[in-house]
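Report on one structure; see the data block that follows.
First the proteins, then the strands, lettered A, B, ... as listed; each starts at 1.
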Amino acid sequence: MIKITFPDGNIKEFDPGITGMEIAKSIHHGLAKRSLSAKVNGEVYDLTRPIKTDASIEFLSWEEKEGKSTFWHSSAHLMAEAIESLYPGTKFGIGPPVDQGFYYDIDPGDHQISADDLPKIEKKMMELARQKNAYHRKEISKKDAIAYFSDKGDQYKLELLEELEDGHITFYEQGGFTDLCRGPHIPNTELIKAIKLTNVSGAYWRGDEHNTQMTRVYGITFPKQKELEEWEVMMEEAQKRDHRKLGKELEIFTFDDDVGPGLPLWLPNGAFIIEKLEEFAKKTEEEAGYDRVRTPHIAKENLYITSGHLPYYKESMFPPMELDGTTYYLKAMNCPHHHKIFDALPRSYKDLPIRLAEYGTCYRYEKSGELFGLMRVRSLQMNDAHIYCTKDQFENEFKRVNELYLKYFKTFEIEKYVMRFSTHDPEKLGKKYVDNPTLWAETEEMVRNVLIETGVPYVEVPDEAAFYGPKIDIQVWSAIGREFTLATNQVDFAQPLSFDLTYTTTENDRAHPIVIHRAPLSTHERFIGFLLEHYAGKFPLWLCPKQYAILPIADRHISFAESIKTKLANRNLRGTIDDRVESIGKKIRDTELKKIPYMIILGDKEVESGQVAARKQGEGDQGSMSIEEFGNLLQTKVDNLE
RNA sequence: GCCAAUGUAGCUCAGCUGGUAGAGCAGCUGAUUUGUAAUCAGCUGGUCGGGGGUUCGAGUCCCUCCAUUGGCUCCA
């Protein structure tokens, strides 16, 4: 007998070779029905896989992330089966589950698979699912595995097999489809009740752009039709929050063909919000000891040769221009200019740390396929600063930068984030990274220490550092689940050396400072894009271009409206008067759609009582109050950055 | 840059197998002076992304370029 330990600590005995399914059934038929896979001694098992030794067990259902993964992984196999039966001769790459469903990379040979084929594949999948085919796990020798895929002529699977060790190879089979796969899988295809294939795209084999491009088919499946419907509603909701849509509706920004791709034009509302943000950042950073500087948008080639950007970063810069026999570049970053400012004066250890900030406009030649609304653009303004400090000051400075992030995140109610600590790959020294192994080791160690000390949760990602040093990026999720990098905090030991930046030490020697590049609010473009989705276009009051709208019911109420506006303007509250001859219903609707946070409705009653009828966007009537009270209400929120 | 899809009025979209553009909203004009999410009527507005081709005839078919979108790759 073997001992099986349950999550609640209970232990039961079973015959060796019992399966998860049988154990679940022995407890409760509901559990057996609900479970998709099981975690056995920490490893996710098929419910049909025999358990041979003492083990802990935890059943995984649709409610668990790993249960979903199992479900979607099996769905990928089902899709492959459908594709193979519809388009015989298709070769298969990899087909994993992802956050929202699954995909399979396929090589359909002569037959092109397009979006038009998806309904056909979906239908076939449904048909196959209803056949209630079990997923069979089979351990197989490497030799037999190679024979199978050689026979099939699937070079992709053969390539994957090459890297696998004999004795650790498993096949999964359901219906007429066999795949090389680690598993695990759900017991049976009939669990898959709702299927939606979402799109097809190209994907390089093994993620390398030098390899052939395969066709990637994305899909998502559910154990209940209703869940698919809910998911579809959720996707529609997400679309409404898309910053590109909101940016247009709220007149924040626009693009124009004649201006160029990735070059946003900020409309007055957008410009207003940016300037409010800047005002806030300047104040916050002044308090944190930063000095602001200003630098030009272009510089001579030599600056970027010195900085090392030309060898490492040239393809992301706009092409050079020739002026009077000299080559100039548009700046893609502010740091080289700032280094020259550091270098403009003799510096002593007594001056350090020096923190130079600039909301500098940069231009980056992002590849055309990478542009994405405001999130990836070619002209951008960074919330940038460079800190020059001694090695001793480094940890403290780095910590202070992290604290600044957290402060900003709190202000903008960003609760979900992850710090990614990017380190270098020693094999790529001199190619992707500045060739200075000692300093890489030293600085990575320092950053790691700060992270451990401050107790901030982080993940370490190898081979993603900047060319000049390790960095921390902060990953956030917009309200619609879009993930991207906002803040960045980078260590740079290389540029101070290449620019020969020095300060005088206590011993009257010369030493190179360490530089920290940081941009907590990322770029204006990305940050506004993020905020649009984060707040669904309902910006906090302090950022709103218009905080309130006064809606007079008839012409005769306009003069009262103006006197109120003046009073509120005296308290630095911003608003408009809708003096159109329109019904009050229409005025309210228009103001609601513009997402102006507060409305004041003015009619005879208000003129008589001297009070205002307040209405809140998205919430409705707030009742009557004095102008004073209304002003206080808004003022308090603005003061608290709400 | 690569694979695929899309591109019709300021916005959202319709336009069947080719027969020379249509709606709602917005805008303008007029009437309406209105109590918590759309008052009514009339009008204006498009070289159908650009260029080329096939055809008696192209928004519709073909080629090409541009842009956008979904991915891949990339991302200081």
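Nucleic acid contact class of A:Tyr103 (heavy atoms, under 4.0 Å, all strands): none. The residue A:Asp604 sits close to a base: some heavy atom pair falls under 4.0 Å. Nucleic acid contact for A:Lys248: sugar-phosphate only, since backbone atoms but no base atoms lie under 4.0 Å from a heavy atom of the residue. Nucleic acid contact class of A:Gly308 (heavy atoms, under 4.0 Å, all strands): none. Within 4.0 Å of A:Arg615, counting heavy atoms only, lies at least one base atom of the nucleic acid. Counting any heavy atom pair closer than 4.0 Å across all strands shown, A:Leu551 reaches no nucleic acid atom. Nucleic acid contact for A:Asn199: sugar-phosphate only, since backbone atoms but no base atoms lie under 4.0 Å from a heavy atom of the residue. Among the protein residues, A:Ala519 comes within range of no part of the nucleic acid, since none of its heavy atoms lies under 4.0 Å from any strand. If you check every strand for non-hydrogen atoms under 4.0 Å, A:Gln617 touches nothing. As judged by a 4.0 angstrom heavy-atom cut-off over every strand, A:Phe372 is placed among residues touching the sugar-phosphate backbone only. Counting non-hydrogen atoms under 4.0 angstrom, A:Ile601 reaches a base of the nucleic acid.
The phosphate of B:rG70 (OP1 or OP2) has a side-chain N or O of A:Arg244 nearer than 4.0 angstrom. Of the side-chain N and O atoms in A:Arg206, none sit less than 4.0 angstrom from OP1 or OP2 of B:rC72. Listed pair A:Lys616 / B:rU36 fails the phosphate criterion, with no side-chain N or O lying under 4.0 Å from OP1 or OP2.
Following rounding to the nearest Å, A:Leu374 (CG) and B:rU68 (P) show an atom-to-atom distance of 12 Å. Computed from coordinates, the A:Glu592 CD to B:rC25 C1' distance equals 18 Å when rounded to whole Å. The interatomic distance linking A:Arg556 (CZ) with B:rG35 (P) rounds to 10 Å, in whole Å. Taking atom OH on A:Tyr433 and atom C1' on B:rC75, their separation rounds to 12 Å, with Å as the unit. Atom C1' of nucleotide B:rG49 and atom CG of A:Asp258 are separated by 11 Å, given to the nearest angstrom. In this structure, A:Phe560 places its CZ atom 18 Å from P of B:rG35, rounding to the nearest Å.
Annotation: salt bridge (charged side-chain N to carboxylate O under 4.0 Å, His left out) contacts of A:Asp463 (sequence neighbours excluded): A:Lys428, A:Lys432. Not counting sequence neighbours, the partners of A:Lys157 by the side chain to side chain donor-acceptor pair (under 3.5 Å) test are A:Tyr104, A:Asp179. Looking at residues two or more places apart in sequence or on another chain, you find a side chain to side chain contact (heavy atoms under 4.5 Å, CB included) between A:Ile553 and A:His557, A:Ile584, A:Ile601. Considering only residues two or more places apart in sequence or on other chains, A:Val581 meets the side chain to side chain contact (heavy atoms under 4.5 Å, CB included) condition with A:Asp555. For A:Tyr204, the side chain to side chain donor-acceptor pair (under 3.5 Å) criterion is met by no residue, not counting sequence neighbours. In terms of the side chain to side chain donor-acceptor pair (under 3.5 Å) criterion, residue partners of A:Asp492 (sequence neighbours excluded) are, by chain and number, A:Gln495, A:His517. For A:Glu460, the side chain to side chain donor-acceptor pair (under 3.5 Å) partners at least two apart in sequence or on another chain are A:Arg448.
Sparse packing is recorded around CD of A:Glu608, with 12 or fewer heavy atoms of other residues, nucleotides or ligands lying under 6.0 Å away.
Among B:rA37, B:rU68, B:rG71, the nucleotide with an atom closest to any side-chain atom of A:Ile588 is B:rA37.
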Distance-only donor-acceptor pairs under 3.5 Å for side chains of residues 294-304 of chain A, two or more places apart:
{"from": "A:Thr295", "atom 1": "OG1", "to": "A:Lys331", "atom 2": "NZ", "distance (Å)": "2.8"}
{"from": "A:Thr295", "atom 1": "OG1", "to": "A:Glu358", "atom 2": "OE1", "distance (Å)": "2.8"}
{"from": "A:Thr295", "atom 1": "OG1", "to": "A:Glu358", "atom 2": "OE2", "distance (Å)": "3.2"}

Sequence neighbours left out, cut at 3.5 Å: what donor-acceptor pairs do the side chains of residues 245-255 of chain A make with other protein atoms?
{"from": "A:Lys245", "atom 1": "NZ", "to": "A:Glu249", "atom 2": "OE2", "distance (Å)": "3.4"}

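For A:Arg364 and B:rC74, a side-chain-to-base donor-acceptor distance below 3.5 Å is absent, hydrogens and geometry of angles not being considered.
Residue order along RNA chain B, read from the 5' end via each residue's closest nucleotide, puts A:Asp621 first among A:Ala332 and A:Asp621. Each of A:Gly207 and A:Met333 lies near RNA chain B, and the nucleotide nearest A:Gly207 is the one positioned closer to the 5' end.
Going from the P atom of B:rA9 to that of B:rG59 covers 14 Å, rounded to whole Å.
In RNA chain B, runs of at least 3 stacked Watson-Crick or G-U pairs (N1-N3 plus N6-O4 or O6-N4, or N1-O2 plus O6-N3, all under 3.5 Å) give these stems: B:1-7 with B:66-72, B:10-13 with B:22-25, B:27-31 with B:39-43, B:49-53 with B:61-65.
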Practice prompt. Just do the side chain to side chain donor-acceptor pair (under 3.5 Å) check on A:Tyr218 and A:Gln100 with the steps written out, would you?
Written response: CA-CA 9 Å; A:Tyr218 281 90; A:Gln100 292 277 313; over 6 Å; no
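The pair A:Arg206-A:Asp208 does not meet the salt-bridge criterion, since no charged nitrogen lies less than 4.0 angstrom from a carboxylate oxygen.
Ring geometry for A:Phe318 versus A:Tyr365: interplanar angle over 60°, hence perpendicular rather than tilted (30 to 60°).
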Worksheet, complete the sentence: A correct 5'-to-3' footprint of nucleotides 1-6 of chain B, with B, S and - meaning base, sugar-phosphate only and no protein heavy atom under 4.0 Å, is BBBS--
Restricting both atoms to N or O, compile the protein contacts to nucleotides 39-42 of chain B shorter than 3.5 Å, with distance only.
{"from": "B:rU39", "atom 1": "OP2", "to": "A:Ser583", "atom 2": "OG", "distance (Å)": "2.7"}

